J.: 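Structure below; questions to follow.
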Amino acid sequence: QLQLVESGGGLVQPGGSLRLSCAASGFAFDYHAIGWFRQAPGKEREGVSCISESGGSTNYADSVKGRFTISRDNRKNTVYLQMNSLKPEDTAVYYCAARMGVAFLRPEYDYWGQGTQVTVSS
């Protein structure tokens with residue numbers, strides 16, 4: 001059964017850090033690009049970061065550049081999103097998604113996880 005399961009969300013103070021994980025199963029993980037997206041209440045889903053199948057190519061939204069880092073471990077079928085210097089505007093549900101082909105920040109992905117809540121508040 002194909003699954004993407006996000007974990008690592010929670011409540012953190014401004015300036016703090018979290019590391020999200022996306023564990024994949026049921027498909028050829030190392031043939032798929034992975035993207036991280038987020039959606040805040042009342043807002044459209046936004047592309048945050050993406051990584052190619054091999055991990056050799058990454059991309060970030062301008063709003064998170066220099067603060068977030070995406071990585072993957074194909075031996076563990078897992079992608080990570082390290083989030084530092086978190087701001088209240090980073091508050092959202094974070095989703096990971098998988099697609100074959102090029103990694104990009106548009107939400108045109110084939111498989112989606114259920115999401116994990118990230119709340120940045122003092």
Side-chain angles (χ1 to χ4, degrees):
Q1 181 180 358
L2 190 151
Q3 274 193 315
L4 290 168
V5 179
E6 303 93 336
S7 62
L11 173 64
V12 63
Q13 292 187 342
S17 298
L18 284 173
R19 188 176 81 154
L20 304 184
S21 297
C22 171
S25 60
F27 65 100
F29 178 75
D30 49 357
Y31 284 89
H32 284 72
I34 302 295
W36 280 101
F37 296 81
R38 67 186 181 186
Q39 189 165 19
K43 295 189 176 182
E44 291 187 355
R45 191 167 294 189
E46 172 192 19
V48 174
S49 183
C50 58
I51 189 166
S52 62
E53 301 96 317
S54 67
S57 177
T58 60
N59 197 13
Y60 298 90
D62 288 343
S63 58
V64 306
K65 276 181 184 175
R67 300 189 297 123
F68 290 12
T69 302
I70 192 170
S71 61
R72 67 190 293 162
D73 185 341
N74 284 354
R75 296 167 301 173
K76 297 182 178 180
N77 283 9
T78 302
V79 170
Y80 305 97
L81 185 68
Q82 178 67 43
M83 306 188 297
N84 299 329
S85 302
L86 283 161
K87 305 175 181 180
E89 50 264 43
D90 294 318
T91 295
V93 178
Y94 283 71
Y95 301 89
C96 65
R99 70 183 306 276
M100 293 191 72
V102 177
F104 45 60
L105 296 179
R106 303 189 306 273
E108 294 159 17
Y109 281 65
D110 300 313
Y111 315 125
W112 290 83
Q114 293 301 305
T116 185
Q117 176 70 46
V118 171
T119 302
V120 184
S121 175
S122 56

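Fair warning: this is a prediction, and the values are worked out from it, not measured in the lab.
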J.: I'd like to know if the side chain of Ser49 and the backbone of Tyr60 have a donor-acceptor N/O pair within less than 3.5 Å.
T.: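 No; judged by distance alone, with no hydrogens or angles, the pair does not exist.
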J.: Ignoring hydrogens and angles, state whether a donor on the side chain of Thr78 or Asp73 is under 3.5 Å from an acceptor on the partner side chain.
T.: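 Absent: no donor and acceptor within the cut-off.
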J.: Taking Val48 as the fixed residue, which of Asn59, Leu105, Leu20, Val64 is the one that meets the side-chain contact (heavy atoms from CB on, under 4.5 Å) rule?
T.: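 That would be Val64; it is the only one of Asn59, Leu105, Leu20, Val64 passing the side-chain contact (heavy atoms from CB on, under 4.5 Å) with Val48.
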J.: Does the pair Val120 and Glu89 meet the rule for a side-chain contact (heavy atoms from CB on, under 4.5 Å), with working shown?
T.: CA-CA 8 Å; Val120 184; Glu89 50 264 43; over 6 Å; no
J.: Ignoring hydrogens, what is the shortest heavy-atom contact between Met100 and His32? Give both atom names and the distance.
T.: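 For Met100 versus His32, the nearest heavy atoms are CG-NE2, 3.2 Å.
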J.: Going only through I, L, V, M, F, W and Y residues with side-chain contacts under 4.5 Å, is there a path from Val93 to Tyr109?
T.: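 Yes, Val93 connects to Tyr109 through the hydrophobic network.
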J.: Say you draw a straight line from CD1 of Ile51 to SG of Cys22; how long is it, rounded to the nearest 0.5 Å?
T.: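 Output value for this atom pair is 11.0 Å.
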J.: Take atom CD of Glu44 as the centre, draw a 6.0 Å sphere, and report whether it contains more than 12 heavy atoms from other residues, nucleotides or ligands.
T.: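 No, the 6.0 Å shell around CD holds no more than 12 heavy atoms from other groups.
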J.: Once rounded to the nearest 0.5 Å, what's the spacing between atom CG of Asn74 and atom OG of Ser54?
T.: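 So the CG of Asn74 and the OG of Ser54 are separated by 8.0 Å.
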J.: With side-chain contact (heavy atoms from CB on, under 4.5 Å) as the criterion, how do Ser25 and Asn77 come out once you've worked through the C-alpha distance, each side chain's angles and the decisive distance to 0.1 Å?
T.: CA-CA 7 Å; Ser25 60; Asn77 283 9; 5.7 Å; no
J.: Of all the heavy-atom pairs spanning Ala103 and Ser52, show the shortest one and how long it is.
T.: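 Nearest pair, atom of Ala103 first, then Ser52: CB-N, 4.1 Å.
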J.: Taking all heavy atoms of Cys96 and all of Glu6, pick out the closest pair and write down the distance.
T.: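 Shortest heavy-atom separation between Cys96 and Glu6 comes out as N-OE2, 2.9 Å.
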J.: Drop me the distance from Leu2's CG to Phe29's CZ, to the nearest 0.5 angstrom.
T.: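 That separation rounds to 11.5 Å.
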J.: Any idea how Phe37 and Trp112 line up, ring-wise: parallel (<30°), tilted (30 to 60°), or perpendicular (>60°)?
T.: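 Judged by the thresholds at 30° and 60°, the geometry between Phe37 and Trp112 is tilted.
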J.: Does the distance from a Lys or Arg side-chain N to an Asp or Glu carboxylate O, for Asp30 and Arg72, drop under 4.0 Å?
T.: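 Looking at Asp30 and Arg72, the cut-off is not met.
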J.: What are the two closest heavy atoms between Glu46 and Ser63, and how far apart are they?
T.: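 Closest approach of Glu46 to Ser63: OE2-OG, 3.5 Å.
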J.: Between Tyr111 and Phe27, does the ring centroid distance fall short of 6.0 Å?
T.: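 Yes.
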J.: Shortest non-hydrogen contact from Gln117 to Thr91?
T.: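 The pair with the smallest heavy-atom distance is NE2-CG2, 4.0 Å.
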J.: What heavy-atom pair brings Ala92 and Ala40 nearest, and what distance separates the two atoms?
T.: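 The answer is CB-N, 3.8 Å.
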J.: Find out whether the Lys NZ or Arg CZ of Arg45 is both under 6.0 angstrom from the six-membered ring centre of Tyr95 and within 45° of the ring's axis.
T.: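 Flagged: Arg45 positioned over aromatic ring of Tyr95.
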J.: Let me confirm one number: the CG-OG1 distance from Leu81 to Thr116, rounded to the nearest 0.5 Å.
T.: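 With rounding to 0.5 Å, CG (Leu81) is 11.0 Å from OG1 (Thr116).
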J.: Which is it for Ser17 and Gln82 under the side-chain contact (heavy atoms from CB on, under 4.5 Å) test, yes or no, and what are the steps along the way?
T.: CA-CA 7 Å; Ser17 298; Gln82 178 67 43; 4.0 Å; yes
J.: Using a 6.0 Å distance limit plus a 45 degree cone around the ring axis, check whether Arg19 lies over the aromatic ring of Tyr80.
T.: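 Yes, a cation-pi geometry holds between Arg19 and Tyr80.
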J.: Taking the six-membered ring where the residue is Trp, are the ring centres of Trp36 and Phe68 under 6.0 Å apart?
T.: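 Ring-ring flag for Trp36/Phe68: false, centres at least 6.0 Å apart.
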J.: Are Asp62 and Lys65 within salt-bridge range, i.e. N to O under 4.0 Å?
T.: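 Lys65 and Asp62: salt-bridged.
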J.: Could you go through the side-chain contact (heavy atoms from CB on, under 4.5 Å) check for Met83 and Val118 one step at a time?
T.: CA-CA 10 Å; Met83 306 188 297; Val118 171; 3.9 Å; yes
J.: Within a 6.0 Å radius of atom CZ on Phe104, are there more than 12 heavy atoms belonging to other residues, nucleotides or ligands?
T.: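 Atom CZ in Phe104 is packed in, count exceeds 12.
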J.: Can you find a heavy atom in the side chain of Arg67 that is under 4.5 Å from one in the side chain of Lys87?
T.: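 Answer yes - side chains close enough.
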J.: Is there a path of hydrophobic side-chain contacts, each under 4.5 Å between heavy atoms, that joins Ile34 and Val102?
T.: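 Hydrophobic grouping puts Ile34 apart from Val102.
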J.: Same cluster or not: are Leu4 and Ile70 linked, directly or through other Ile, Leu, Val, Met, Phe, Trp or Tyr residues, by side-chain heavy atoms under 4.5 angstrom apart?
T.: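 Yes; Ile70 is reachable from Leu4 via cluster members.
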J.: Would you mind reporting whether Ser121 and Pro88 have side-chain heavy atoms less than 4.5 Å apart?
T.: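 Answer no - side chains too far apart.
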J.: Ignoring hydrogens and angles, tell me if any N or O in the side chain of Gln3 forms a donor-acceptor pair with the backbone of Ala24 under 3.5 Å.
T.: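 Flag not set: sc Gln3 to bb Ala24 has no pair under 3.5 Å.
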J.: Step through the shown structure and confirm whether more than 12 heavy atoms of other residues, nucleotides or ligands are within 6.0 Å of CD on Gln114.
T.: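 Result for CD/Gln114: open.
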